[in-house]
Amino acid sequence: MGTLANPSQRLKPETACVCLTTVQRALWQLGLPILKAETITDYKQRAKLGMLWRAIRWQLLAMAALVALVCLGRQWGRAAVVGASAAVLAILFAWLVNASVIQWLTIGYSAYRSQHIVPPHVAAAAEALVCCGVSPTQIGVEYLKNDPILFVEDSEQRPVKRYDLIVW
């Protein structure tokens with residue numbers, strides 16, 4: 001065993017070495033930031049609510065227009081019935097939306113790239129990960145319609161750890 005040229009480079013007994021996995025080493029070499037789990041959870045909730053709002057806004061507007069149209073005819077008894085019916089429908093619709101479970105889909109990055117347009121910075125990050133030794137099967141995308149998240153899974157850790165990298 002050779003000796004170090006500089007004695008100050010010798011490890012002290014209380015010094016511990018941490019071995020990095022392939023994914024951790026690639027993330028460190030590339031300087032890719034890892035997104036906080038809380039931030040991703042908040043983002044997913046906002047994306048889900050945004051998608052639901054885009055799906056129901058026209059129905060709610062149609063109910064409001066129907067009530068307004070009946071009110072214009074000054075048939076107050078009929079307007080009250082239509083308004084009450086619209087309120088009941090809105091409550092039922094809100095319950096249905098709240099009870100619905102919208103699933104985020106997970107797919108491999110290469111399959112996602114073949115089906116959708118990927119921004120250049122996301123493609124560059126994925127290619128850089130592969131160049132640093134990360135298996136392409138470990139790189140994936142989780143998406144809900146138009147809200148994709150690029151992630152990489154570290155299968156060398158137990159349980160498998162996921163690092164969320166880019167939201168676009």
How long is the gap from CG on D164 to CZ on F151, to the nearest 0.5 Å?
8.0 Å
In short, D147 meets A47 closest at the heavy-atom pair OD2-CB, 3.5 Å
Same cluster for I107 and L105 if Ile/Leu/Val/Met/Phe/Trp/Tyr side chains link at under 4.5 Å?
yes
Taking the side chain as everything from C-beta on, heavy atoms only, tell me whether D42 gets closer than 4.5 Å to Q45.
no
Donor-acceptor list for residues 110-131 side chains, cut-off 3.5 Å, not counting sequence neighbours:
unit_1, atom_1, unit_2, atom_2, d
S114, OG, A111, O, 2.7

Taking atom CH2 of W28 as the centre, report whether more than 12 heavy atoms of other residues, nucleotides or ligands fall under 6.0 Å from it.
no
Do L27 and I166 land in one hydrophobic cluster if side-chain heavy atoms of ILVMFWY residues count as linked below 4.5 Å?
yes
ILVMFWY network linking L150 to W104, side-chain heavy atoms under 4.5 angstrom:
no
Do the side chains of V134 and Y163 join up, straight or via other hydrophobic residues, at under 4.5 Å, putting them in one cluster?
yes
Does any donor atom in the side chain of S155 or Q138 lie under 3.5 Å from an acceptor atom in the other side chain?
yes
Looking at L20, is its backbone amide N or carbonyl O close enough to the side chain of R25 to form a donor-acceptor pair, meaning the two atoms are under 3.5 Å apart?
yes
Test applied, side chain to side chain contact (heavy atoms under 4.5 Å, CB included); reference residue, I139; option that passes from V152, L165, V23
V152
Contact check, side chains of V141 and W168, non-hydrogen atoms, under 4.5 Å:
yes
Donor-acceptor under 3.5 Å (Q24 side chain, T21 main chain)
yes
Side chains of residues 30-39: which donor-acceptor pairs under 3.5 Å do they make with residues two or more places apart or in other chains?
none

Hey, are E142 and K44 close enough for a salt bridge, meaning a charged N less than 4.0 Å from a carboxylate O?
yes
Can you give me the closest heavy-atom contact between C132 and T22, atom names plus distance?
O-CG2, 4.4 Å
